[in-house]
Amino acid sequence: RIGTAALAVQVVGSNWPKPHYTLLVTGLCRFQILQLLKEKPYPVAEVEQLDRLEQFTNQHKSEEELGELSEQFYKYAVQLVEMLDMSVPAVAKLRRLLDNLPREALPDILTSIIRTSNQEKLQILDAVRLEERFKVTIPLLVRQIEGLKLLQKTRKPKQDDDKRVVSIRPNRRSNHIPSTTEDEEEEEDHDDVVMLEKKIRTSSMSEQALKVCLKEIKRLKKMPQSMPEYALTRNYLELMVELPWNKSTKDRLEIRAARIVLDNDHYAMEKLKKRVLEYLAVRQLKNNLKGPILCFVGPPGVGKTSVGRSIAKTLGREFHRIALGGVCDQSDIRGHRRTYVGSMPGRIINGLKTVGVNNPVFLLDEVDKLAKSLQGDPAAALLEVLDPEQNHSFTDHYLNVAFDLSQVLFIATANTTATIPPALLDRMEVIQVPGYTQEEKIEIAHRHLIPKQLEQHGLTPQQIQIPQVTTLDIITRYTREAGVRSLDRKLGAICRAVAVKVAEGQHKEAKPDRAEVGEEDFLLLDCKEHVTEDAKSESISDTADLALPPEMPILIDFHALKDILGPPMYEMEVSERLNQPGVAIGLAWTPLGGEIMFVEASRMDGEGQLTLTGQLGDVMKESAHLAISWLRSNAKRYQLTNASGSFDLLDNTDIHLHFPAGAVTKDGPSAGVTIVTCLASLFSGRLVCSDVAMTGEITLRGLVLPVGGIKDKVLAAHRAGLKRIIIPQRNEKDLEEIPMNVRQDLTFVMASCLDGVLNAAFDGGFAVKPTVERLNSKL
Ligand code: ADP
């Protein structure tokens with residue numbers, strides 16, 4: 001229970017990369033613990049001071065022996081100090097101290113100078129009696145002197161700057177001194193650095209990289225470990241060693257096999273698969289990777305990412321996904337310079353380190369969601385990555401040496417091309433991936449999604465059965481999306497609910513319990529509830545042979561759906577909303593797929609103003625003005641009048657046009673025909689047919705111009721249960737993309753001018769009235 005009292009003089013260190021502190025203290029005296037007062041949060045004890053210098057100097061008892069010992073000690077100490085380089089000021093000062101200090105203080109001071117293990121140091125601190133202290137320290141001094149002599153002998157030819165070595169490492173093996181953990185750690189670290197150097201030399205990195213690494217390792221060797229830069233440099237070197245400079249997987253490209261993999265993994269999406277196969281075929285023939293970067297553009301959940309994964313699978317390459325959504329700092333792509341604390345390589349280099357080969361498939365997900373910020377433009381950084389002419393010497397800021405990316409196969413995905421910077425778009429070949437039809441979704445669900453969900457939930461087809469009508473119900477009543485992601489989630493919810501029932505059933509099977517009988521009628525089907533009740537009363541009164549688990553397979557019908565997923569979220573509301581004049585259905589394209597959009601109009605007394613609501617962009621506002629102008633100029637032809645019977649539609653009248661879903665910004669010219677139809681209905685007082693949807697841009701002279709996104713729009717109309725679609729004449733060619741079964745369900749009206757649109761939109765047509773001059777009585 002002996003300790004040393006000391007005064008903390010200096011604390012240096014940091015918490016990063018790992019807590020590492022150096023404490024400099026001045027020892028005051030030894031003490032003994034008399035009583036421990038408390039232990040937490042730090043020990044507090046009553047202590048007694050043990051060594052007081054005066055006390056020892058006043059002691060006469062063993063003075064003679066001590067004198068001899070101290071004389072001997074002094075001699076060794078002088079010998080040791082004189083072996084050191086006296087030109088170093090600290091050594092000269094030490095020499096002076098030897099003479100000036102009381103001899104009793106010397107053992108403590110010299111122990112702190114010579115090389116000793118921690119255990120030996122503790123032994124000396126423990127030695128309270130002066131005599132003992134001298135006795136313990138002398139062998140250490142002698143050992144140090146011998147060590148120095150040896151060192152000087154072996155390094156004679158070199159200049160005697162070795163003398164500066166104040167302490168040398170004791171040769172543990174020859175002296176049989178037990179090693180301490182601290183020493184071990186140091187040695188380990190040293191070994192690590194040597195290993196690292198070996199790894200660097202044997203790695204296949206480029207010449208330039210090798211040069212940089214060797215320079216860094218030289219610096220590392222000289223650096224004290226407590227320096228934060230030590231960890232930085234080491235991390236850097238470790239990354240350099242780990243990077244796959246020359247490691248690659250062998251491509252196994254066989255187009256027939258690729259076709260099978262793509263077909264097996266994905267249903268439908270023929271156009272995309274065809275283009276991907278072409279791309280792969282060219283690469284097989286040319287064996288050269290230079291070519292455009294594929295970019296899949298389409299709504300979420302249509303399988304863009306998973307096609308990317310399949311491509312990697314067909315090529316036998318590693319796959320890595322880099323999510324770029326929301327990335328607004330160019331260092332995310334290119335890395336931080338190493339001068340930063342916490343600097344790291346960019347995502348490309350990190351990805352390479354993760355996959356461990358230099359020819360993976362990198363999927364750059366959501367390139368349309370890159371954002372600019374004060375930290376630079378990440379899209380600009382991507383330019384270099386994606387350009388086959390430049391990317392063989394891609395330089396990450398962190399690495400600071402070029403890395404060859406030309407073997408990497410990049411594939412990008414996006415929801416829309418509108419927000420991809422033009423320069424980036426220019427380097428990519430865009431492949432549109434439109435949404436799915438209901439029939440395709442049903443097939444995808446039954447071929448891919450349901451089996452996957454069953455497996456994830458530990459269910460077998462013998463336990464659950466989801467008929468196609470149920471899938472259709474989920475698709476039409478519980479989801480409204482272009483892709484299949486939310487359908488997948490709903491199927492997941494069903495599987496979870498069934499898993500509970502199955503697990504409960506197994507439990508009951510194990511322990512048949514009469515009281516629970518009857519509950520086995522799974523999923524509380526609304527319409528069957530009374531049957532369940534009957535069964536219950538019967539079974540309880542009857543024998544226990546009805547105590548069976550739920551009937552397998554559990555059939556999911558509409559009632560079960562309602563039970564699990566709640567009441568349907570979407571109903572066919574279309575016809576209800578079209579029972580007043582002044583409403584028409586338009587078709588809109590959004591990054592999330594096509595959508596139907598109700599356009600509403602109303603008029604009121606006023607001064608001829610037009611109010612537009614529903615977050616519209618400039619182009620859409622212009623369409624509204626165009627539509628009104630056209631109708632005003634054609635009011636007589638169509639016998640359209642305002643409330644007071646005047647052909648000047650805006651005379652004493654205000655018009656309000658509203659595009660619902662006001663939270664979403666809408667823009668684009670394709671609502672033109674819808675606005676015209678809606679206003680024509682308002683001014684004529686006639687209802688627009690409730691099963692008609694339309695899209696098309698208008699001109700001031702009443703022509704209908706083609707628009708984009710026809711497939712998505714038509715699919716949306718089909719999803720919503722509409723029957724007739726008015727599209728611009730010049731979009732007729734786009735109908736080829738639409739699956740046959742959808743086309744069969746719908747009637748398409750091609751319109752080249754607004755007359756045609758109005759005729760198709762109203763029951764019985766919207767014929768131009770022959771302008772018979774009516775005589776107005778002036779009596
Ligand atoms: P995206 O990247 O387009 O948003 P994902 O690739 O993540 O969509 O696809 C979502 C899910 O839908 C995946 O589990 C995928 O397997 C499935 N999926 C999408 N399209 C198909 C398809 N045509 N055939 C089979 N599964 C599909």
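Read the numbers this way: they start at 1 and go in the same order the structure lists the ligands and their atoms. All values below were derived from every heavy atom in this structure, side-chain atoms included, with hydrogens, water molecules and symmetry-related copies excluded.
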Heavy-atom contacts with [X] under 4.0 Å: which atoms of ligand 1 show up? List them by number with element.
| X | answer |
| --- | --- |
| Tyr267 | 22 (C), 23 (N), 24 (N) |
| Gly303 | 1 (P), 3 (O), 5 (P), 6 (O), 8 (O), 9 (O), 19 (C), 20 (N) |
| Pro300 | 4 (O) |
| Asp265 | 24 (N), 25 (C) |

Would you indicate whether [X], at its atom [atom1], is surrounded by more than 12 heavy atoms from other residues, nucleotides or ligands within a distance under 6.0 Å?
| X | atom1 | value |
| --- | --- | --- |
| Gln330 | CD | yes |
| Gln468 | CD | yes |
| Arg259 | CZ | no |

cation_pi(Arg477, Phe558) dist<6.0 Å, angle<=45 | yes
Check if Thr413 has a non-hydrogen atom at a distance under 4.0 Å from any atom of ligand 1.
-> no
Non-hydrogen atoms of Phe296 versus ligand 1: any pair closer than 4.0 Å?
-> no
Distance-only, no hydrogens or angles: does the [X] side chain make a donor-acceptor pair with backbone N or O of [Y] under 3.5 Å?
| X | Y | value |
| --- | --- | --- |
| Glu366 | Asn415 | no |
| Arg719 | Gly594 | yes |
| Thr416 | Ala418 | yes |

Taking N or O atoms only and a 3.5 Å limit, does [X] qualify as a polar contact for ligand 1?
| X | answer |
| --- | --- |
| Val484 | no |
| Gly301 | yes |
| Asp488 | no |

For ligand 1, does Arg485 get within less than 4.0 Å through its side chain, its backbone, both, or neither, judged by non-hydrogen atoms?
-> side chain
At a non-hydrogen distance cut-off of under 4.0 Å, which region of Lys452 contacts ligand 1 (side chain, backbone, both, or neither)?
-> side chain
For [atom], what's the nearest protein heavy atom and its distance?
| atom | value |
| --- | --- |
| atom 2 (O) of ligand 1 | Thr305 OG1, 2.4 Å |
| atom 20 (N) of ligand 1 | Tyr436 OH, 3.0 Å |
| atom 27 (C) of ligand 1 | Ile444 CG2, 3.9 Å |
| atom 6 (O) of ligand 1 | Ser306 N, 2.9 Å |

Nearest heavy atom to atom 3 (O) of ligand 1 wins, so pick from Met269, Lys304, Lys441.
-> Lys304
Report yes if the distance between the aromatic ring centroids of His336 and Tyr398 is under 6.0 Å, otherwise no.
-> no
Test item: side-chain donor near acceptor, Glu384 and Asn391, under 3.5 Å = no
With no hydrogens and no angle check, do the side chains of His320 and Thr354 hold a donor and an acceptor under 3.5 Å apart?
-> no
